Engineer: 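Below is a structure I'd like to ask you about.
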Amino acid sequence: MQYLISVIDDETTSPTPAELAAAGAFNDRLKTEGHFVFAGGLAAPSTATVIDNRNGEPVFTDGPFLESKEYFGGFWIIEAPDLDVAIKLAAEGSRQCNRRVEVRPFHSE
């Protein structure tokens with residue numbers, strides 16, 4: 001099963017070199033253990049463009065969809081046999097990147 005681990009950040013803190021190195025080491029561990037699918041960090045929310053094309057005519061808005069003190073700063077997509085393993089890995093990811101994280105399973109079809 002695949003899970004999304006979302007990194008929750010705020011605009012006043014960007015990753016330190018030590019945090020980036022720890023996250024890189026965590027990525028290496030995920031790869032070695034066969035959990036790694038994909039990971040990435042995101043640019044600041046101010047670089048976002050929101051697109052709403054629900055009514056057949058797209059509307060483009062600069063900036064984030066929600067104004068918030070916290071934002072989605074990055075993510076891991078992992079494979080794990082169950083939610084318990086995914087939660088343990090997410091807890092380790094939180095410690096390594098020094099941010100709060102949220103873990104959610106992908107819907108299977």
Side-chain angles (χ1 to χ4, degrees):
M1 179 133 205
Q2 291 187 337
Y3 296 86
L4 171 68
I5 301 172
S6 304
V7 177
I8 302 164
D9 204 348
D10 63 56
E11 292 188 60
T12 62
T13 60
S14 56
T16 66
E19 290 167 344
L20 289 173
F26 180 63
N27 289 344
D28 291 341
R29 177 181 160 213
L30 290 173
K31 290 174 186 174
T32 299
E33 295 177 1
H35 296 293
F36 188 88
V37 175
F38 186 78
L42 297 172
S46 61
T47 66
T49 300
V50 176
I51 302 148
D52 185 352
N53 195 16
R54 293 177 290 178
N55 295 316
E57 185 66 34
V59 176
F60 303 92
T61 308
D62 290 336
F65 174 68
L66 296 173
E67 294 294 330
S68 176
K69 291 181 181 180
E70 297 178 320
Y71 65 96
F72 184 57
F75 62 92
W76 284 279
I77 298 173
I78 62 166
E79 289 190 10
D82 57 46
L83 183 59
D84 290 337
V85 171
I87 287 172
K88 287 177 185 174
L89 291 169
E92 179 66 18
S94 172
R95 185 164 58 83
Q96 296 303 329
C97 72
N98 196 32
R99 305 287 187 280
R100 293 186 311 132
V101 301
E102 173 186 280
V103 61
R104 286 199 225 176
F106 282 97
H107 288 292
S108 55
E109 295 188 37

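What you see is a predicted model, and the numbers here were worked out from it, not measured in a lab.
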Engineer: Give the intermediate values and the outcome of salt bridge (charged side-chain N to carboxylate O under 4.0 Å, His left out) for residues Glu102 and Arg104.
Structural biologist: CA-CA 7 Å; Glu102 173 186 280; Arg104 286 199 225 176; 2.8 Å; yes

Engineer: Would you say Asn55's side chain and Glu57's backbone share a donor-acceptor pair under 3.5 angstrom?
Structural biologist: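 Checked: no pair found.
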
Engineer: Between Leu20 and Phe75, is there a shared hydrophobic cluster once you connect ILVMFWY residues whose side-chain heavy atoms come closer than 4.5 Å?
Structural biologist: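 Not linked; separate clusters.
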
Engineer: Phe60: which other cluster members, linking ILVMFWY side chains closer than 4.5 Å, directly or transitively?
Structural biologist: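 Members alongside Phe60: Ile51.
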
Engineer: What heavy-atom pair brings Val103 and Ala90 nearest, and what distance separates the two atoms?
Structural biologist: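 Closest approach of Val103 to Ala90: CB-CB, 4.0 Å.
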
Engineer: Would a distance-only check, ignoring hydrogens and angles, find a side-chain to backbone donor-acceptor pair under 3.5 Å from Asp84 to Ala86?
Structural biologist: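 A pair under 3.5 Å: no.
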
Engineer: Quick one: pull up CG in Leu42 and OG1 in Thr47 and give me the separation to the nearest 0.5 Å.
Structural biologist: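 Taking CG in Leu42 and OG1 in Thr47, the distance rounds to 8.0 Å.
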
Engineer: Does any N or O in the side chain of Glu19 come within less than 3.5 Å of the main-chain N or O of Thr16, such that one atom is a donor and the other an acceptor?
Structural biologist: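 Checked: pair present.
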
Engineer: Given side chains that start at C-beta, do those of Val37 and Lys31 come closer than 4.5 Å, heavy atoms only?
Structural biologist: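 In short, these two side chains do not touch, never coming nearer than 4.5 Å.
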
Engineer: Given 3.5 Å as the limit, does a donor-acceptor pair link the side chain of Tyr3 with the main chain of Ile77, or not?
Structural biologist: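 No, because the side chain of Tyr3 does not come within donor-acceptor range (under 3.5 Å) of the backbone of Ile77.
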
Engineer: Ion pair present between Glu92 and Lys88, side-chain N to carboxylate O less than 4.0 angstrom?
Structural biologist: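 Answer for the salt bridge query: no.
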
Engineer: What is the minimum heavy-atom distance between Asp10 and Tyr71, and which atoms define it?
Structural biologist: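 Smallest heavy-atom distance, with atoms named: C-CE2, 3.3 Å.
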
Engineer: Name the residue from Leu4, Val85, Ile5 that meets the side-chain contact (heavy atoms from CB on, under 4.5 Å) definition with Ile78.
Structural biologist: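 Result: among Leu4, Val85, Ile5, Ile5 is the only option passing the side-chain contact (heavy atoms from CB on, under 4.5 Å) with Ile78.
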
Engineer: Over all heavy atoms of both residues, which pair between Met1 and Phe106 is shortest? Give the atoms and the distance, please.
Structural biologist: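 Scanning both residues, the minimum pair turns out to be CE-O, 3.2 Å.
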
Engineer: Which heavy-atom pair separates Gly34 from Glu79 by the least distance, and what is that distance?
Structural biologist: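 Taking Gly34 first and Glu79 second, the nearest heavy atoms are O-CB, 4.4 Å.
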
Engineer: Is there a side-chain contact between Ile8 and Arg99, using heavy atoms and a 4.5 Å cut-off?
Structural biologist: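 No - every pair of side-chain heavy atoms lies 4.5 Å or more apart.
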
Engineer: Is the distance between the ring centroids of Trp76 and Phe38 less than 6.0 Å?
Structural biologist: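 No; Phe38 has its ring centre 6.0 Å or more from that of Trp76.
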
Engineer: Quick one: does His35's side chain have a donor or acceptor within less than 3.5 Å of a partner on Ala80's backbone?
Structural biologist: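 Between the backbone of Ala80 and the side chain of His35 there is no qualifying donor-acceptor contact (under 3.5 Å).
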
Engineer: Hey, what do you get for CD1 (Ile87) to CG (Leu83), rounding to the nearest 0.5 Å?
Structural biologist: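 Answer rounded to 0.5 Å: 3.5 Å.
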
Engineer: Identify the two heavy atoms, one from Asp9 and one from Gly73, that lie closest to each other, and give their separation to 0.1 Å.
Structural biologist: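 Scanning both residues completely, I find the closest heavy atoms to be CB-CA, 4.3 Å.
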
